[in-house]
2 protein chains.
Amino acid sequence: MRPTPPAETFPAHTPAASQIFSTVLSQGPLTRLEAARRAGLSAAAVTKAVRPLLAAGYLVETADDEARPALGRPASLVRVDGGRAHFIGLKATGSELIGVLTDLCCRIRVARRVALTDRQDTTVLAAMGELVRQLRAEAADFGTPVLGLGVALSGDVDRTEGVVRYSPFLDWRDVPLAELAAKVMELPVTVDNDVRALTVAEQWFGAGAGLSDFAVVTVGAGIGCGLVVHGRVVAGAHGVAGEIGHVTVDPTGPPCHCGNRGCVEAIAGDAAILRRIRETTGVEVADTAEALALAHRGVAGAREAYARAGEAIGRGIATVANLFGPQRVIISGEGLAGYDLFAEQIRDTFTRAAFGSAAHCDVRTRPLPFEEWARGAAATAIQSFITPDDPPPSR
Amino acid sequence: MRPTPPAETFPAHTPAASQIFSTVLSQGPLTRLEAARRAGLSAAAVTKAVRPLLAAGYLVETADDEARPALGRPASLVRVDGGRAHFIGLKATGSELIGVLTDLCCRIRVARRVALTDRQDTTVLAAMGELVRQLRAEAADFGTPVLGLGVALSGDVDRTEGVVRYSPFLDWRDVPLAELAAKVMELPVTVDNDVRALTVAEQWFGAGAGLSDFAVVTVGAGIGCGLVVHGRVVAGAHGVAGEIGHVTVDPTGPPCHCGNRGCVEAIAGDAAILRRIRETTGVEVADTAEALALAHRGVAGAREAYARAGEAIGRGIATVANLFGPQRVIISGEGLAGYDLFAEQIRDTFTRAAFGSAAHCDVRTRPLPFEEWARGAAATAIQSFITPDDPPPSR
DNA sequence: CTCTTTTATTGACAGCGTAAATTAATGGCC
DNA sequence: GGCCATTAATTTACGCTGTCAATAAAAGAG
């Protein structure tokens with residue numbers, strides 16, 4: 001294990017305490033009994049686990065003004081005191097650093113962006129350090145300390161070791177980021193793949209709350225996918241999982257940078273859509289905004305490019321649904337800016353290509369800004385604050 | 001819960017006891033210390049859990065003749081006494097019932113097949129009853145009783161309720177098979193999807209032993225897939241999962257009975273291969289044996305049909321590997337009879353289409369007869385004998 | 001004021017882990 | 001051969017954590 005600097009720690013590191021706390025955290029104020037039911041524990045265990053957490057101020061009791069049962073002893077609700085502590089989440093892209101300061105409930109208090117001038121690990125680390133310093137100063141104004149930092153970036157990331165094995169956008173290889181950052185910032189640091197981080201945020205606070213099996217599909221420059229199976233985020237035996245972007249949907253389709261043809265990403269990734277528009281319309285669209293404008297003006301070639309993208313995504317989602325049978329698929333990512341252009345195709349293709357009751361899977365969209373990814377990073381930090389040993393077997 | 005007739009039960013239904021027992025069961029004779037390590041428990045817990053199991057005769061101690069450590073106290077090996085009890089596994093196809101009598105170690109002692117004349121649930125149930133009666137008589141000859149029955153069939157099966165939601169080959173809907181069979185046979189009965197049952201057998205006794213993430217892909221009349229993620233067989237939120245057969249690999253490909261085009265099954269299923277051979281060669285091949293003979297004689301059209309099938313399967317496996325990063329993929333099923341005809345295409349397509357380190361996944365074949373599927377059914381029965389509550393969190 | 005209903009708490013007990021003690025086998029040395 | 005040090009497996013004793021069942025608490029209904 002990497003060294004984590006000394007800091008305030010969670011009062012009770014027992015499985016039940018972590019379990020209860022994360023249940024209350026993600027499922028809002030709950031009565032003890034309800035929390036017990038949802039966490040799969042006994043009521044007695046909740047009473048015992050809650051006591052030290054109340055004492056430490058992480059949980060607070062609320063009088064249940066409304067929704068009091070008509071009969072019987074009124075329940076007292078327990079909820080997390082968000083103001084009790086802060087966390088910082090960072091999301092790094094190839095050109096930008098997005099940082100958020102969140103409270104213990106992972107609500108964003110401050111968000112800030114910084115352009116990256118250079119991809120060298122030391123430079124990026126310095127920029128991260130500066131951003132964290134600023135956000136910590138803001139936290140000081142709120143009066144409570146920052147207890148952890150989470151960093152999310154795309155690529156092959158070993159979360160348990162805190163090492164970036166390979167990051168294509170930053171061109172890093174085997175950078176022990178958690179260790180380096182922990183030394184500079186004097187904070188416990190978690191590092192994870194960005195899509196997995198977003199998936200954790202959705203699992204706790206978003207459209208995946210309370211579900212044991214769901215998928216998050218992100219649409220944008222790349223096409224990514226986070227999977228939750230049996231209540232746990234899938235990391236894959238080799239650290240690679242959820243590569244929906246490189247699922248082949250059309251073996252005769254356009255070539256992909258991965259060496260194949262017709263990958264979802266080679267049809268529905270931002271670059272692929274731009275290329276397609278240039279090919280069919282001859283218009284030299286420079287970026288996604290122009291492409292969107294063109295399509296919204298009704299230019300046939302542009303609309304067709306988005307329609308194709310929608311079909312590819314729908315097929316990719318159907319593949320995921322056929323293989324895992326998730327309860328829900330959440331579509332997110334910057335690419336949703338053009339969602340009206342391919343929503344219909346996604347839905348139609350999915351419905352057609354999903355087999356049997358896999359089609360009952362609930363597909364919904366969540367337009368989330370990059371700040372939400374950074375929030376996911378903060379969520380991983382909160383997660384490892386609560387349970388230092390990785391996998392929370394939530395249900 | 002459905003009623004299970006009274007029968008001999010497992011001595012200690014504690015988590016640790018089940019854990020240890022299944023570890024010893026699947027990983028052969030082990031020293032207590034080694035068993036503890038593999039099950040993730042303490043040595044003390046093993047000693048305590050083993051005692052009542054030894055007393056009840058389910059486990060026996062063996063002198064460790066060889067492999068004795070050079071120095072120090074020699075270990076005593078613990079193993080399951082296969083002869084202590086028997087189980088019966090049944091696999092139902094549309095035309096046949098395959099039954100096996102296994103010992104407690106899930107080794108097949110007797111195998112028997114019966115043709116099905118009718119698909120009516122009562123008729124099939126009667127045939128099952130007769131087959132079970134015969135196998136029980138054989139078990140009586142061995143001197144120990146049959147403690148459970150497992151039934152495996154293709155389709156949408158709810159294992160926890162023991163209900164067959166939909167079986168295409170038998171044309172059943174919502175048949176409470178476990179309850180019906182338990183009444184007739186006076187045995188605890190488990191019912192599960194056939195591919196999942198085979199996956200359990202592989203997880204415990206086959207090429208998946210000791211792995212936390214792997215996939216079983218079955219090739220034959222249909223193309224199926226069993227997934228093990230985080231050490232547990234994936235059942236899917238709606239009871240459907242592993243539908244690799246209906247993953248699209250070529251949207252312009254031949255139509256599939258599911259309503260789409262270019263599903264893996266529509267290219268690599270037995271019927272699809274036959275149809276393709278008829279189309280390209282004009283030869284009216286009647287069954288798989290003839291198709292194989294034709295291909296082995298070097299007829300180009302037949303060889304091409306198998307090559308196409310191999311590509312489709314390879315692409316399907318690559319999709320599974322890209323999405324959840326298994327340590328291993330096990331290819332099995334009757335279709336392996338023609339494996340030499342498409343092995344190369346499977347391997348090539350997989351290697352090409354697998355993204356990044358997903359390609360490190362170990363793909364291997366296991367030619368297993370239908371009896372092995374029935375054995376899988378017996379394995380599910382043994383599983384629920386050991387842990388009445390479903391999911392064993394093995395590692 | 002008592003009964004009913006629902007939630008929260010308490011105390012006895014069981015399962016499992018840790019750590020120290022015990023047991024078993026072996027080689028070296030006299 | 002007898003004795004002792006060495007090594008490792010196993011067991012015993014004890015503490016922590018969670019469950020179960022009984023009990024207290026807080027209302028409203030009659």
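Sequence lines set the chain letters: A, B, ... in the order given, protein chains first and strands last, and positions in each chain run from 1.
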Can you tell me how far [atom2] of [N] sits from [atom1] of [X], to the nearest Å?
X: A:Glu61; N: C:dT9; atom1: CD; atom2: C1'; result: 12 Å
X: A:Glu34; N: C:dA8; atom1: CD; atom2: C1'; result: 15 Å
X: B:Ile20; N: D:dT10; atom1: CD1; atom2: P; result: 12 Å
X: B:Leu77; N: D:dA8; atom1: CG; atom2: P; result: 17 Å
X: B:Leu59; N: D:dT10; atom1: CG; atom2: P; result: 13 Å
X: B:Arg37; N: D:dA8; atom1: CZ; atom2: C1'; result: 15 Å
X: A:Leu33; N: C:dT9; atom1: CG; atom2: C1'; result: 12 Å

Do B:Thr190 and B:Ser384 get their side chains close enough for a donor-acceptor pair, meaning under 3.5 Å?
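B:Thr190 vs B:Ser384: no donor-acceptor pair found between side chains.
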
Find the distance between CG (B:Leu30) and CZ (B:Arg38) and round it off to the nearest 0.5 Å.
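Going from CG on B:Leu30 over to CZ on B:Arg38, the span is 5.0 Å.
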
Taking only N and O in the side chain of [X], is any of them less than 4.0 Å away from OP1 or OP2 of [N]?
X: A:Thr31; N: C:dT7; result: no
X: A:Arg51; N: C:dT10; result: yes
X: B:Ser76; N: D:dT10; result: yes
X: B:Arg32; N: D:dA8; result: no

Heavy-atom contacts, protein to nucleotides 12-18 of chain C, under 4.0 Å, summarised as B (base), S (sugar-phosphate only) or - (none) per nt, yield ----BBB

In plain terms, say whether B:Arg32 and B:Glu61 are close enough for a salt bridge, that is, a side-chain N and a carboxylate O under 4.0 Å apart.
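Counted as a salt bridge, because a side-chain N and a carboxylate O are separated by less than 4.0 Å.
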
Tell me the closest heavy-atom pair linking B:Phe214 and B:Pro326, and the distance in Å.
CA-CB, 3.8 Å

What I'd like to find out is whether the side chain of B:Leu25 reaches to under 4.5 Å of the side chain of B:Ile382, using heavy atoms alone.
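Yes, side chains in contact.
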
A side-chain contact here means heavy atoms from C-beta on lying under 4.5 Å apart; do A:Val233 and A:Val200 qualify?
yes

Donor-acceptor contact below 3.5 Å, side chain B:Arg375 vs main chain B:Gly89
no

Look at the aromatic rings of B:Tyr58 and B:Phe10 and report parallel, tilted or perpendicular, splitting at 30° and 60°.
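Ring orientation, 0 to 90° scale: tilted.
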
Taking only residues two or more places apart in sequence or in another chain, which ones pass salt bridge (Lys or Arg N to Asp or Glu O under 4.0 Å) with [X]?
X: A:Arg84; value: A:Glu8
X: B:Arg107; value: B:Asp103
X: B:Arg79; value: none

Protein N or O to nucleotides 24-26 of chain D N or O, pairs below 3.5 Å:
| unit_1 | atom_1 | unit_2 | atom_2 | d |
| --- | --- | --- | --- | --- |
| D:dA26 | N3 | A:Arg73 | N | 3.2 |

Looking at five pairs on each end of the helix from C:dC1-D:dG30 to C:dC30-D:dG1, what is the angle between the two axes, given to 10 degrees?
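End-to-end axis angle for the helix from C:dC1-D:dG30 to C:dC30-D:dG1: 30°, rounded to 10°.
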
